[in-house]
Amino acid sequence: MTLKTGDQYLKSQIGRASEAHVLGKKTNKLEHHGLVEPSRKAVAFTYDAAHNPESKETLRAVSHLCKDEVNRFTHLHQSAEDLVKKIKMQRYCGAMTGCCFQRCVGLDAANAIYSTTFDCDRKHGTQFHDRFRNYWTWIQKEDLVVDGAMTDPKGDRGRRPKDQLDPDLFLRVKERKSGGVVISGAKLHQTGMLNSHEILIMPTMSMRHGEEPWAICCAIPIDTPGVRYIYGRQASDTRKLECDTFDVGNPIFGGQEVMTVFEDVFVPEERIFLDGQVDFTGTLVERFASYHRQSYGGCKVGVGDVLIGATELIARMNGVEKVSHVREKIVEMIHLNETLYCCGLACSSQGYPTPGGNYQVDLLLANVCKLNVTRFPYELARLATDVAGGLLGTMPSSADLDDPEVGPYIRKYLAANPNYDVLDRMKVLRLIENLTIGAGAVGYLVESMHGAGPPAAQRIMIGRQAQLDEKVDRVMSLLSISEL
Ligand code: SF4
Ligand code: FE
C-alpha cells in the first residue's frame with residue numbers, strides 16, 4: 001500500500017520545478033516561498049486526510065489497476081457510489097481547508113483519458129489505453145499529484161488553431177522525433193501546477209481534420225526541461241508575505257494558479273495517449289469537463305460551508321444573530337449551498353459505466369450543477385458581505401493593532417459582543433474578506449464562473465443533452481398532434 005502522508009508529500013516536492021517565476025523573480029526554493037507554501041499545505045491536506053480516522057474511509061478506494069488501496073484522488077471510478085464518494089471527499093476537503101486543494105483536475109483528467117483511450121483504440125487500433133493504464137498504475141502506486149492541463153490561450157477566438165497568427169496559441173506537436181514528439185504552446189489557469197509531480201496535457205477543444213498536430217494528449221514530469229512556470233497573482237496575495245499573516249484571512253491554506261509555457265518539450269512515445277485522432281478530442285474534452293463540473297458540486301460546497309460558518313459566527317459576534325433578516329439570509333445561504341450539493345450528488349448517483357469500465361457522471365446533470373455554481377457562490381458571497389457589515393472592507397491592519405499608540409483604540413472601538421474577543425472578531429472578518437474579495441475569491445468565485453468552462457459552455461451542453469425532441473414528441477402524442 002502506498003498512501004503517502006502530507007509530510008511525505010511535502011518532502012517529495014523539495015527541489016522540483018526549479019524554474020518558477022514568482023512576482024518577477026526566478027525562484028527555486030518554492031517549498032519555503034510564502035506565496036506557494038499555503039497552497040502546498042492544502043494539497044498536503046489531501047494526503048493526511050487519507051490517514052485521518054474521521055476521513056480515511058472517504059479518502060481511500062481500492063484500485064482495479066494496482067489491486068490495492070489508493071488515495072481517492074488517484075482513483076478510477078468503478079461505480080456510481082465511487083462518484084458520490086468523490087463529491088463527499090471534495091466537500092470535506094473544501095470545508096477543512098477553506099480553499100481549492102488542487103488535486104481534482106488530475107483525477108478528472110485521468111478518468112476522462114481512461115475511457116477515451118479505450119474508445120479510440122477500439123476504433124483506430126491504437127495502443128493508447130494500455131499505455132495509460134500502465135502510466136496510471138504507477139501514479140497510484142506512487143500516490144502522486146497530477147495536474148490536468150487543458151486550457152490553451154486560444155488567441156483570436158474567431159480563428160481555428162491552424163489559422164492563428166501564432167500556431168503555439170493552441171498547444172501542438174511541433175516536431176516528430178524518433179521515439180516521441182516535441183510539443184510547443186502554453187496552458188493557462190493551471191490549478192496547483194507547481195504542487196504537482198506530473199502534468200497530463202489534453203487538447204482544449206474538439207479538433208477537426210487538418211488540426212491533427214493540436215490533437216495531442218500526453219504526460220510529462222513537472223521538472224521536464226523546456227517547461228516554464230509563471231505564478232498567477234491573486235487579490236491581496238502579498239499579505240501572505242507579511243511577517244504577521246493575520247490579514248491573510250485563511251491562516252494556513254490557499255490556492256494556486258500558474259501560467260505554464262512548454263517550449264520545445266520532448267515527450268516519449270510511452271507517455272502519449274492521443275496523437276492526431278481528432279475525432280476523439282471532443283469526447284475527451286466533454287468527459288473531462290463533465291467530471292470537473294461535477295467536482296464543483298463538492299469542493300465549492302465545502303468552501304461554502306466555511307463561508308456560512310464564518311457568516312453565522314460574525315453575526316453572533318456582532319450581536320445580530322437573532323435578527324429576523326439575518327436568520328433569513330443565513331438560511332438562504334444554506335439553501336443555495338445544499339442545492340449545489342444536491343446537484344453534485346445527483347449527477348454522481350446517475351453515473352453510468354463507460355465501455356472502458358470506469359464510471360462517467362450524468363452529463364446533463366453535471367452541467368446543470370456547474371451552471372448553478374456560476375451563480376450561487378456569488379450570491380452566498382453577497383449575503384455574507386451583507387451580514388458581515390462594512391468593516392469587512394475598511395478594517396485597520398494587524399500592524400496597527402500591534403502599535404502601542406493606535407492598537408488600544410482599535411481594540412476599544414472594534415469591540416462588539418462581549419462574549420467574543422475583538423481579535424477573534426477581526427479574524428472572522430478577514431476570513432470572509434478572503435473568500436469574497438481576497439485571494440480565496442479566485443477559487444471560490446472566479447473559478448466558479450470559469451473553471452471547467454464558462455456558463456455559455458454549460459448551456460450548450462444542457463441544450464444538447466436535454467433530449468428536447470423527445471419532450472416535444474411526448475407532448476404531441478399526449479395531445480394526438482402530428483406534423484402536417
Ligand atoms: Fe478541486 Fe475545486 Fe480546486 Fe478544482 S477548484 S481543483 S475541483 S478544489
Ligand atoms: Fe478547477
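Keep in mind it's a predicted model, so treat the numbers as computed, not measured. Heavy atoms only: backbone and side chains are in, while hydrogens, waters and symmetry mates are out. Counting starts at 1 for both ligands and their atoms, following the listed order.
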Check ion pair [X]-[Y] (N to O, under 4.0 angstrom):
X: Lys86; Y: Asp82; result: no
X: Arg382; Y: Asp386; result: no
X: Glu69; Y: Lys56; result: no

Requested in this report: Number the atoms of ligand 1 from 1 as they appear, then name those within less than 4.0 Å of a heavy atom of His292, with their elements.
Outcome: 4 (Fe), 7 (S)

Query raised in the report: Near Tyr296, which atoms of ligand 1 are under 4.0 Å from a heavy atom of that residue?
Result: 4 (Fe), 5 (S), 7 (S)

Report task. State the CG-CG distance between Leu59 and Asp48, to the nearest 0.5 angstrom. Result -> 10.0 Å

Report summary line: min-distance N/O/S atom, His292 vs the Fe ion (ligand 2), resolves to NE2

Report task. Specify which N/O/S atom of Glu447 comes nearest to the Fe ion (ligand 2), by atom name. Result -> OE2

Query raised in the report: Can we call the ring centroids of His77 and Tyr291 under 6.0 Å apart?
Result: yes

Report summary line: The number of protein N, O or S atoms lying under 2.8 Å from atom 3 (Fe) of ligand 1 is 1

Query raised in the report: Would Gln294 and Ser348 count as a side-chain hydrogen bond (donor to acceptor under 3.5 Å, both in side chains) if you check the C-alpha gap in whole Å, the side-chain angles of each, and the deciding distance to 0.1 Å?
Result: CA-CA 7 Å; Gln294 169 216 19; Ser348 305; 2.9 Å; yes

Requested in this report: Establish, yes or no, whether the cationic atom of Arg287 lies under 6.0 Å from the six-membered ring centre of Tyr114 and within 45° of the ring axis.
Outcome: no

Query - Non-neighbouring partners of Ser39 that pass side chain to side chain donor-acceptor pair (under 3.5 Å), sequence neighbours left out - result: Asn195, Gln256

Query - Short N/O/S contact of Ser295 with the Fe ion (ligand 2) (below 2.8 Å) - result: no

